[in-house]
Enquirer: 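Please see the structure below; I have some questions.
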2 protein chains.
Amino acid sequence: MAASNRQEIRTLAEQVFAQLQDDIVLGVLKPGTRLGEAELASRYGVSRGPLREAIRRLESRKLLQREPHVGARVASLTTDDLVEIYRVREALEGMAARLAAQHMTESEVQGLHDVLSQHEQQQDIKEDTAYFQREGDLDFHYRIIQGSHNQTLIDLLIGELYHLVRMYRYQFSAVTNRPQKALAEHRRIVEAIESGDGDLAEMLMRRHISRARENIELQTQNDSTNT
Amino acid sequence: MAASNRQEIRTLAEQVFAQLQDDIVLGVLKPGTRLGEAELASRYGVSRGPLREAIRRLESRKLLQREPHVGARVASLTTDDLVEIYRVREALEGMAARLAAQHMTESEVQGLHDVLSQHEQQQDIKEDTAYFQREGDLDFHYRIIQGSHNQTLIDLLIGELYHLVRMYRYQFSAVTNRPQKALAEHRRIVEAIESGDGDLAEMLMRRHISRARENIELQTQNDSTNT
DNA sequence: TCAAGATAGATTGTAGACAATATGCGGGTG
DNA sequence: CACCCGCATATTGTCTACAATCTATCTTGA
């Protein structure tokens with residue numbers, strides 16, 4: 001539902017790539033797991049050729065780590081890695097918000113409002129906050145990124161970086177402990193985009209992501225002191 | 001010399017990957033060229049296995065475009081693509097400059113000064129401005145990116161984006177028509193980094209790259225009106 | 001002239017074999 | 001007892017050959 005297989009898949013190598021990626025992101029294959037080629041080949045019902053091509057592509061997306069003559073392992077993200085990623089997100093999504101304020105069409109802005117009101121309802125019904133905190137939050141960010149109409153930016157964020165963010169969320173069942181504030185920030189970002197204020201949109205988006213990063217850093221401190 | 005093969009290369013697939021990448025970036029293989037698998041395999045003296053893995057990795061770096069059952073072509077960059085890339089550079093290198101101001105070591109700052117004075121001398125000797133306008137300029141940017149000490153950021157910029165920038169420069173023999181101003185901007189960026197002013201460093205870097213982008217956009221307009 | 005089918009060419013997928021290398025175990029030595 | 005060296009094993013890396021599939025072109029017929 002969220003955003004997994006965007007384009008039509010035709011070759012076996014691409015199928016294996018998509019399946020293996022999902023299995024890694026969703027946690028079916030746990031971080032650190034050794035991935036033997038023979039084992040994977042039989043698991044997905046293909047030969048080693050297409051499998052190795054899929055592995056190469058997943059390696060360049062940092063979803064698995066490879067070492068020559070040793071093999072591949074499912075990437076295991078540390079919190080430091082995630083903090084690094086959030087710095088990059090801050091820069092790229094800030095730019096995306098700025099460009100979205102300039103280039104978004106009316107229907108795209110309307111779509112933002114739809115997502116927003118959807119989240120507001122789910123906030124009232126407090127039981128299913130998981131949606132907002134997982135893929136729902138990402139839907140909002142996806143739309144703004146797409147709204148930048150900058151294909152390079154879109155590919156970098158959605159094609160490469162976001163899989164790692166999603167993997168982390170599934171790995172640690174990560175939830176934001178400030179859903180109301182986050183939703184309020186989303187609202188103000190949409191207002192800035194709607195009024196075409198690129199400067200403000202970028203600033204608000206950067207703050208929004210920066211706070212999420214600080215939240216991660218804080219939780220890490222608590223974890224280490226409690227342990 | 002500049003920055004081509006950073007890590008030790010052990011497997012054939014990695015060798016082919018590095019060679020093919022260089023051949024594309026440096027223009028040995030011209031944009032749009034069809035790359036038959038059999039032809040490439042004999043060209044580099046390997047079989048199709050390692051070759052196909054190299055092709056997959058180059059595809060995810062956007063150095064070549066592939067179509068299933070048709071084949072691969074050397075990517076041909078349009079000016080619009082480059083403008084998109086410069087928007088991303090503005091965001092990412094702005095962040096890199098901010099982080100560099102916070103995290104660069106003394107010796108790294110010294111290295112920046114060295115590059116700077118090197119460029120100043122080459123400016124006086126006006127004959128060989130090509131160095132500054134090509135790899136020399138990139139050296140400066142590379143150092144600041146490395147100075148961010150954010151490996152995710154470094155990988156994205158140097159590992160993925162910069163090959164495209166370099167390819168474009170070789171493709172069009174692109175030169176900046178404002179070398180003095182660019183050098184002055186470099187100087188002020190180093191000052192901001194040295195004084196630990198992350199806000200200023202980011203702002204100056206963003207302006208610097210933004211002006212380079214405007215320069216590209218202007219040249220494109222002239223080209224189209226003259227043609 | 002246009003459209004549908006056949007053919008040629010290429011790429012993609014598969015299988016099997018061998019070479020190259022890392023890992024882990026066991027024995028020997030200080 | 002600890003450490004180092006060498007060997008066996010398993011896995012990855014590579015190559016060859018062939019089958020399957022798709023694309024594009026050419027031919028043929030209406």
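Throughout, a chain's letter reflects where its sequence line sits, starting with A, and its residues are numbered from 1.
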Enquirer: Rounded to the nearest angstrom, tell me the gap between atom CG in B/Leu35 and atom P in C/dA10.
Expert: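 Going from B/Leu35 (CG) to C/dA10 (P), I get 15 Å.
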
Enquirer: Take atom CG of B/Leu40 and atom P of D/dC15, then tell me their distance rounded to the nearest Å.
Expert: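 Going from B/Leu40 (CG) to D/dC15 (P), I get 14 Å.
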
Enquirer: Identify which nucleotide among D/dG13, D/dT23, C/dT14 has an atom closest to any side-chain atom of B/Val70, counting heavy atoms from C-beta outward.
Expert: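 When the side chain of B/Val70 is considered, D/dT23 is the closest of D/dG13, D/dT23, C/dT14.
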
Enquirer: D/dT11, OP1 or OP2 - any side-chain N/O from A/Arg66 closer than 4.0 Å?
Expert: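 False: A/Arg66 side-chain N/O out of range (4.0 Å or more) of D/dT11 OP1/OP2.
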
Enquirer: When the distance from CD of A/Glu37 to P of C/dT21 is rounded to whole Å, what number comes out?
Expert: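 Atom CD in A/Glu37 sits about 16 Å away from atom P in C/dT21.
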
Enquirer: Select one nucleotide: of D/dT12, D/dT14, C/dA15, the one nearest the side-chain heavy atoms of A/Arg34.
Expert: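 Per side-chain heavy atoms of A/Arg34, the pick is D/dT12.
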
Enquirer: Closer than 4.0 angstrom, basic N to acidic O: yes or no for A/Arg57 and A/Glu53?
Expert: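 No, A/Arg57 and A/Glu53 are not salt-bridged.
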
Enquirer: Using whole Å, report how far CZ of A/Phe17 lies from P of C/dT12.
Expert: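 Computing the A/Phe17:CZ to C/dT12:P distance gives 16 Å.
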
Enquirer: Could you tell me whether A/Arg52 and A/Glu37 make a salt bridge, using a distance below 4.0 angstrom between a side-chain N and a carboxylate O?
Expert: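 Here A/Arg52 pairs with A/Glu37 in a salt bridge, since their nearest N and O are under 4.0 Å apart.
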
Enquirer: Expressed as a whole number of angstroms, how long is the span from A/Ile55:CD1 to D/dG13:C1'?
Expert: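 So the two atoms are 12 Å apart, to the nearest Å.
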
Enquirer: Nearest of C/dA15, C/dT11, D/dT14 to any side-chain atom of B/Leu12?
Expert: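 My answer, after comparing the listed nucleotides, is D/dT14.
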
Enquirer: Do any side-chain nitrogens or oxygens of A/Thr11 fall under 4.0 Å of OP1 or OP2 in C/dG13?
Expert: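 Yes, A/Thr11 has a side-chain N/O under 4.0 Å of OP1/OP2 on C/dG13.
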
Enquirer: Using a distance-only criterion (donor-acceptor N/O pair, under 3.5 Å, no hydrogens), is the base of C/dG16 paired with the side chain of A/Arg48?
Expert: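 No.
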
Enquirer: Which one of A/Arg89, A/Glu90, A/Met95 satisfies the side-chain contact (heavy atoms from CB on, under 4.5 Å) criterion with A/Glu93?
Expert: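 When side-chain contact (heavy atoms from CB on, under 4.5 Å) is applied between A/Glu93 and each of A/Arg89, A/Glu90, A/Met95, only A/Arg89 qualifies.
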
Enquirer: Return whichever of A/Ala13 or A/Pro68 has its heavy-atom-nearest nucleotide of DNA chain C closer to the 5' end.
Expert: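 This one resolves to A/Ala13.
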
Enquirer: What class does the angle between the rings of B/His208 and B/His141 fall in, given that below 30° is parallel, 30 to 60° is tilted and above 60° is perpendicular?
Expert: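 B/His208 vs B/His141 ring planes: parallel.
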
Enquirer: What integer distance in Å separates A/His69:NE2 from D/dT12:C1'?
Expert: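 It works out to 7 Å between those atoms.
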
Enquirer: Kindly give the heavy-atom pair with the smallest separation between B/Ala96 and B/Ser148, and that separation in Å.
Expert: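 Answer, listing the atom of B/Ala96 first, then B/Ser148: O-CB, 3.8 Å.
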
Enquirer: Expressed in angstrom and rounded to an integer, what is the separation of A/Glu53 atom CD from C/dT11 atom P?
Expert: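 It is 13 Å, rounded to the nearest whole Å.
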
Enquirer: In whole angstroms, how far is the C1' atom of C/dA22 from the CD atom of A/Glu67?
Expert: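 For the pair A/Glu67 CD and C/dA22 C1', the rounded distance is 9 Å.
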
